[in-house]
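The next block holds one structure in the form of structure tokens; read it before the comments.
Naming convention: chains lettered A, B, ... in sequence-line order (proteins, then strands); numbering from 1 in each chain.
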Number of protein chains: 2
Amino acid sequence: MNRNTRGMNLTQQVADTLGNAIINGKYGAHNPVPSEATLCEELNVSRSAAREAVKSLAAKGLITSRARQGIRVLPETEWNLFDADVLRWMRDSNPSLELLREFTELRVAVEPEAAMLAAQRQNQQKIHEIGRALDRMKQAETGLDDPLEADIAFHLSILDASENRFFMQLGRIIDTTLRVSIRFTNMRSGVRAGNHAEHKMIYDAIVAKQPENAAACATALMDSALSTIVSALKEGITKENALPFR
Amino acid sequence: MNRNTRGMNLTQQVADTLGNAIINGKYGAHNPVPSEATLCEELNVSRSAAREAVKSLAAKGLITSRARQGIRVLPETEWNLFDADVLRWMRDSNPSLELLREFTELRVAVEPEAAMLAAQRQNQQKIHEIGRALDRMKQAETGLDDPLEADIAFHLSILDASENRFFMQLGRIIDTTLRVSIRFTNMRSGVRAGNHAEHKMIYDAIVAKQPENAAACATALMDSALSTIVSALKEGITKENALPFR
DNA sequence: AGGCAGATATTATCATATAAATACGACATA
DNA sequence: TATGTCGTATTTATATGATAATATCTGCCT
């Protein structure tokens, strides 16, 4: 249990340690999760701390615990990938391009629809936020702002402007992943000069109340991000040699 | 704490009770969540049970608990809508057409993309599953199968055939919601004879390895579901008079 | 072989005690 | 008056011990 302890209480630290270990595959069919008692001993914590951590992980779909059966790791299909913690553990411990591809496929589906809704809903305040993010991207071109943060802010602001709670929620986990994804795609394709321009087209379409157009522009942007990843996969780039991915 | 207790241990029961109460708005700014001690007393459970339930809800983003601050309900934006429990509590305690619309907007984005991927990936076994679900829908037309279950099975099988873990996960919560959604849309638009035919078009496109076509057919299907809901909203149908929604 | 009964191990629950965190107010100081 | 420091009370965090419930295993019986 030697991960970041800043601002985390014991239970959270245990949950973090266990969560990582589980997703790493440390526990499974061959190496079942140790019993409550063993866990306490290994981590030097009380049963309260261990049990509460277990409940937390159970709520995320990682494990179940039943009397006499012990703590069982659930099949991966049960893990709640839409939980920020789970996703973070996955990207930290098993940073595969595969997961990034699948996640980007989700974004390909979601972001154009979100842009379309943003153009329909016309929430001026939130559209203004998109504009501000766009400005930051412009600033970033000349080094006056962080390009990664600006890029993330842009995509999140669009999801926010969709005024759809599910899309807005998705923003939270997209945030987690974009910090890896954008860096990777930018690294691969180079931070093109057209980067800002492509984003601006989406914004302009939203301002101009052109839902279809906004969706089309967003699709174009996301498709290029996806194809960057797919081509990297085809080239056989794996987690071993894809430095920028960590 | 008088909800379903079948197969749930005490902690889960407490979590279920609390989760519902929170989402119902029983606790909030005016009525803060009672302290741990009070909670134990009110529910007649030990502190362990209460605390573990609290950890579980915290993992789902509903609450935080800090010393001297007590248990706080987090703003709704923090709630993990992609958690099956949270979503179930929301639909049980606050069945608004609004939420259904937002959820369907998500499906409009996701299902066509999933159909497209299914057509690309061509996993024969999983495509076969889609076919089986389609057969069930056919059977349902003559009363030989449950139309609701068949419909759900169809949509889930497409998500599964996309071989994208995020889409497959989405299936879990779509399952939760479809049981309400499909019933509603069918009720409103009538279970058309074309119901099976429209679904078949998607299946055929996937089998024919036509990703674009599959997506287009799925879009058509989802758009009509969405417009049914939207028009209901415009007519001012609310949870008070929309019986079929419960 | 098949099934039942008891032994056993493990989590579930309860109870209690102590530690740690922090909101809040008292008080001092400038 | 404004501001910063400190003490106190309250609440959660953590630890520990005891008992109950339950699933699994084992061995005996048929």
Side-chain angles (χ1 to χ4, degrees), chain A residues 1-19 21-22 27-74 78, chain B residues 1-19 21-22 27-74 78:
Chain A
M1 185 161 54
N2 38 14
R3 294 175 60 87
N4 277 328
T5 62
R6 46 164 195 222
M8 295 174 90
N9 59 28
L10 231 197
T11 300
Q12 288 170 322
Q13 289 175 46
V14 172
D16 191 65
T17 304
L18 266 185
I22 289 169
Y27 303 126
H30 300 288
N31 252 33
V33 182
S35 76
E36 201 177 281
T38 314
L39 228 44
C40 298
E41 201 175 296
E42 285 183 3
L43 300 176
N44 272 315
V45 296
S46 71
R47 283 180 48 214
S48 315
R51 283 187 58 79
E52 283 164 23
V54 164
K55 289 299 174 193
S56 175
L57 295 183
K60 296 176 189 298
L62 259 50
I63 55 182
T64 58
S65 82
R66 294 175 61 188
R68 173 67 225 218
Q69 200 174 64
I71 299 165
R72 280 189 185 172
V73 176
L74 288 172
E78 298 293 322
Chain B
M1 186 162 53
N2 38 15
R3 295 174 60 85
N4 278 328
T5 62
R6 42 160 199 226
M8 296 173 87
N9 60 27
L10 231 198
T11 300
Q12 288 170 321
Q13 289 176 46
V14 173
D16 192 65
T17 304
L18 265 185
I22 289 169
Y27 303 125
H30 300 287
N31 252 35
V33 183
S35 77
E36 204 175 278
T38 314
L39 227 44
C40 298
E41 202 173 297
E42 284 184 4
L43 301 176
N44 273 315
V45 297
S46 71
R47 279 189 62 205
S48 313
R51 283 186 57 79
E52 283 164 22
V54 164
K55 289 300 174 193
S56 174
L57 295 183
K60 296 176 187 299
L62 292 188
I63 54 181
T64 59
S65 80
R66 291 174 59 187
R68 174 68 221 221
Q69 198 176 68
I71 299 165
R72 275 190 189 173
V73 176
L74 288 172
E78 298 293 322

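- Residues meeting the side-chain contact (heavy atoms from CB on, under 4.5 Å) test with A:Glu41, sequence neighbours left out: none.
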### Message
Does the protein touch nucleotides 5-13 of chain D at the base, only the backbone, or not at all? Give it as B, S and - per nucleotide, heavy atoms under 4.0 Å.
### Response
----BBBSB

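- Here the P atom of nucleotide D:dT14 and the CG atom of A:Leu39 are 15 Å apart, to the nearest Å.
- Phosphate contact (OP1/OP2 of D:dT14, side-chain N/O of A:Ser48, threshold under 4.0 Å): absent.
- Taken to the nearest 0.5 Å, the OG atom of A:Ser48 stands 8.0 Å off from the CD atom of B:Glu52.
- Contacts of A:Lys60 classified as side-chain hydrogen bond (donor to acceptor under 3.5 Å, both in side chains), with partners at least two apart in sequence or in another chain: A:Asp83, A:Asp85.
- Panel note: side chain B:Thr17, backbone B:Gln13; a donor-acceptor pair is recorded below 3.5 Å.
- In this structure B:Glu42 satisfies the salt bridge (charged side-chain N to carboxylate O under 4.0 Å, His left out) test with no other residue, sequence neighbours excluded.
- One finds the CG atom of A:Leu74 at 9.5 Å from the CZ atom of A:Arg72 (value rounded to the nearest 0.5 Å).
- For DNA chain C, the span of nucleotides reached by chain A at under 4.0 Å from its heavy atoms goes, 5' to 3', from C:dT8 to C:dT13.
- Within 4.0 Å of A:Arg72, counting heavy atoms only, lie sugar-phosphate atoms of the nucleic acid but no base atom.
- A salt bridge (Lys or Arg N to Asp or Glu O under 4.0 Å) check over residues 27-39 of chain A, counting only residues at least two apart or in different chains, returns the pairs A:Glu36-A:Arg47, A:Glu36-A:Arg51.
- Looking only at side-chain heavy atoms (C-beta outward), B:Ile71 and B:Leu39 come within less than 4.5 Å of each other.
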